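Within every chain, numbering begins at 1; the chains are lettered A, B, ... in the order of the sequence lines, protein sequences first and strands thereafter. These figures come from a predicted structure and were not determined experimentally.
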Number of protein chains: 2
Amino acid sequence: MNTRKTKQKEIVYQVLCQMSNHPTIKELYDVIHNENPELGQATVYRNVAKLVEEGKVLKISTPEGIEHYDANCKFHSHFLCSKCHRIFDIYTIESKDIMKMVDNSLHVSRVQVLLEGICNQCQSGVEK
Amino acid sequence: MNTRKTKQKEIVYQVLCQMSNHPTIKELYDVIHNENPELGQATVYRNVAKLVEEGKVLKISTPEGIEHYDANCKFHSHFLCSKCHRIFDIYTIESKDIMKMVDNSLHVSRVQVLLEGICNQCQSGVEK
DNA sequence: ATCCTTATTGATAATAATTATCAATAATAT
DNA sequence: ATATTATTGATAATTATTATCAATAAGGAT
């Protein structure tokens with residue numbers, strides 16, 4: 001007996017799966033806590049960390065500091081809007097095409113591509 | 001008169017330029033503070049942030065949480081070793097090749113590529 | 001060169017994010 | 001059903017970053 005299946009961990013994972021906006025821990029916790037007031041935030045931290053270790057959840061690091069999380073672990077890239085700070089998915093980049101550009105003596109287990117710029121909506125003047 | 005040239009800012013930049021190991025703020029501060037005991041850490045935080053804004057310094061975000069900084073702003077990618085946690089430069093990836101894979105209606109101002117894996121040295125069993 | 005204005009600094013307090021602690025609870029092997 | 005111990009919940013502790021504010025100094029004006 002080394003790792004146990006708990007209601008809390010299942011809730012954390014399920015809620016994250018339903019969120020497609022790459023939430024921060026805080027945003028994830030708020031949603032979870034709303035429907036499960038007894039589920040504490042330390043538990044959210046612990047379980048998200050475990051899910052990341054297990055490879056079931058992706059941690060997205062941006063230059064804006066706070067980490068975002070994504071239950072979609074199939075390779076894809078992200079676009080961060082410097083204005084509205086939202087993260088969008090980019091599916092047109094293939095990891096194998098990036099790997100072609102890397103010396104194959106390197107043992108690469110993960111590739112993360114982050115684009116930064118102004119999203120179409122912010123570009124077209126729709127103000128915050 | 002809007003922004004001033006200060007000794008402190010110059011020191012922060014020069015020391016970072018001499019460090020090729022992508023230091024964290026703490027590592028940068030330690031080196032700076034060693035030779036300039038009067039230069040406080042809030043000043044390092046402030047000036048690094050300014051240099052990043054001005055585009056003279058690059059902020060590198062990794063899934064390990066803390067930010068690293070790089071005075072080399074010419075496009076290049078990074079390889080993070082999951083074992084020794086060092087960051088290596090990768091020069092074989094071209095940003096224009098990545099941009100070819102992105103819908104060109106998107107206004108992209110920066111591209112960040114991070115590879116994760118085990119570096120050659122850790123791979124070959126040289127223990128920590 | 002001296003004076004003025006105010007951006008910047010240094011020291012530290014405040015805030016925010018994350019991790020550690022620990023008794024109580026609950027998952028699972030026996 | 002019982003025993004073992006991983007996990008939880010609540011909170012304290014820690015760490016990282018930002019804000020505050022009086023003192024300093026950059027650099028334009030005189």
Side-chain angles (χ1 to χ4, degrees), chain A residues 1-16 19 21-54 56-70 80 82 85 87, chain B residues 1-16 19 21-54 56-70 80 82 85 87:
Chain A
M1 146 184 21
N2 206 356
T3 180
R4 292 174 185 179
K5 186 176 180 179
T6 67
K7 292 190 207 102
Q8 290 88 343
K9 186 175 181 184
E10 196 55 30
I11 289 170
V12 168
Y13 183 58
Q14 289 307 328
V15 171
L16 183 56
M19 296 177 79
N21 61 327
H22 315 88
T24 61
I25 282 269
K26 192 179 175 335
E27 291 165 343
L28 177 59
Y29 169 70
D30 287 346
V31 173
I32 288 171
H33 191 255
N34 216 43
E35 304 176 334
N36 309 80
E38 74 292 345
L39 206 162
Q41 77 171 353
T43 300
V44 176
Y45 269 95
R46 280 183 293 234
N47 282 308
V48 167
K50 270 177 216 160
L51 289 163
V52 170
E53 272 178 41
E54 294 167 9
K56 296 177 76 178
V57 164
L58 191 72
K59 183 193 269 195
I60 306 169
S61 317
T62 79
E64 293 184 349
I66 337 166
E67 311 284 348
H68 293 253
Y69 296 90
D70 193 344
L80 170 67
S82 321
H85 310 291
I87 296 175
Chain B
M1 149 183 19
N2 206 358
T3 180
R4 292 173 184 179
K5 185 176 180 180
T6 67
K7 292 190 208 100
Q8 290 87 345
K9 188 175 180 184
E10 195 55 30
I11 289 169
V12 169
Y13 183 59
Q14 289 306 328
V15 171
L16 183 56
M19 295 177 80
N21 60 328
H22 316 89
T24 62
I25 282 269
K26 193 178 174 339
E27 291 166 342
L28 178 59
Y29 170 71
D30 287 345
V31 173
I32 289 171
H33 191 254
N34 216 43
E35 304 175 335
N36 310 81
E38 74 293 343
L39 206 163
Q41 77 171 354
T43 300
V44 176
Y45 269 95
R46 280 184 293 234
N47 282 308
V48 167
K50 270 177 216 160
L51 290 163
V52 170
E53 271 177 45
E54 293 168 10
K56 295 177 76 178
V57 163
L58 191 71
K59 183 194 269 194
I60 307 170
S61 317
T62 79
E64 293 185 349
I66 337 165
E67 311 285 346
H68 293 252
Y69 297 90
D70 193 343
L80 170 67
S82 320
H85 311 290
I87 295 174

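Closest non-hydrogen pair, Pro23(B) versus Leu16(B), comes out as CG-CD1, 3.6 Å. Among all heavy-atom pairs drawn from His85(B) and Ser82(B), the shortest one is CE1-O, 3.3 Å. Taking all atoms of both residues into account, the shortest heavy-atom contact from Glu10(B) to Lys5(B) is OE1-CE, 4.5 Å. Of all heavy-atom pairs between Leu80(A) and Pro63(A), the closest is CD2-CD, 4.1 Å.
Distance Ile32(B) CD1 to dG10(C) C1': 14 Å, rounded to the nearest Å. Look at CG on Asn36(B): it is 13 Å from P on dA11(C), rounded to the nearest Å. If you measure from atom NZ of Lys9(B) to atom P of dA26(D), you get 14 Å, rounded to the nearest angstrom. As a whole-Å value, the separation of Lys5(A) NZ from dT25(C) P is 24 Å. Counting to the nearest Å, the P atom of dT25(C) and the CD atom of Gln8(A) are 13 Å from each other. Atom NE2 of His33(B) and atom C1' of dT9(C) are 13 Å apart (whole Å). When the C1' atom of dA10(D) is taken as reference, atom CG of Leu39(A) falls 13 Å away, rounded to whole Å. The distance from atom CD1 of Ile11(B) to atom P of dA25(D) is 13 Å, rounded to the nearest whole Å.
Comparing dA7(C), dG10(C), dT28(C) against the side chain of Arg4(A) picks out dT28(C) as the nearest.
Phosphate proximity of dT9(C) to Thr6(B): present, with a side-chain N or O under 4.0 Å from OP1 or OP2. Distances shorter than 4.0 Å separate some side-chain N or O of Thr43(B) from OP1 or OP2 on dG10(C). One finds a side-chain N or O of Lys7(A) lying less than 4.0 angstrom from the OP1 or OP2 phosphate oxygen of dA27(C). Distances shorter than 4.0 Å separate none of the side-chain N or O atoms of Asn2(A) from OP1 or OP2 on dT28(C). For dA6(D), neither phosphate oxygen OP1 nor OP2 lies less than 4.0 angstrom from any side-chain nitrogen or oxygen of Thr3(A).
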Could you run through nucleotides 12-22 of chain D and give me one letter per nucleotide, 5' to 3': B if any protein heavy atom sits under 4.0 Å from the base, S if only the sugar-phosphate is that close, - if neither?
----SBBBB--
Salt bridge (charged side-chain N to carboxylate O under 4.0 Å, His left out) assessment of Lys7(A) paired with Glu38(A)
CA-CA 12 Å; Lys7(A) 292 190 207 102; Glu38(A) 74 292 345; over 6 Å; no
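Counting only distance, with no hydrogens or angles, the side chain of His68(A) and the backbone of His22(A) share a donor-acceptor pair below 3.5 Å.
Of the candidates Asn36(A), Asn47(A), Val57(A), Thr6(A), Val12(A) forms a side chain to side chain contact (heavy atoms under 4.5 Å, CB included) with just one, namely Asn47(A).
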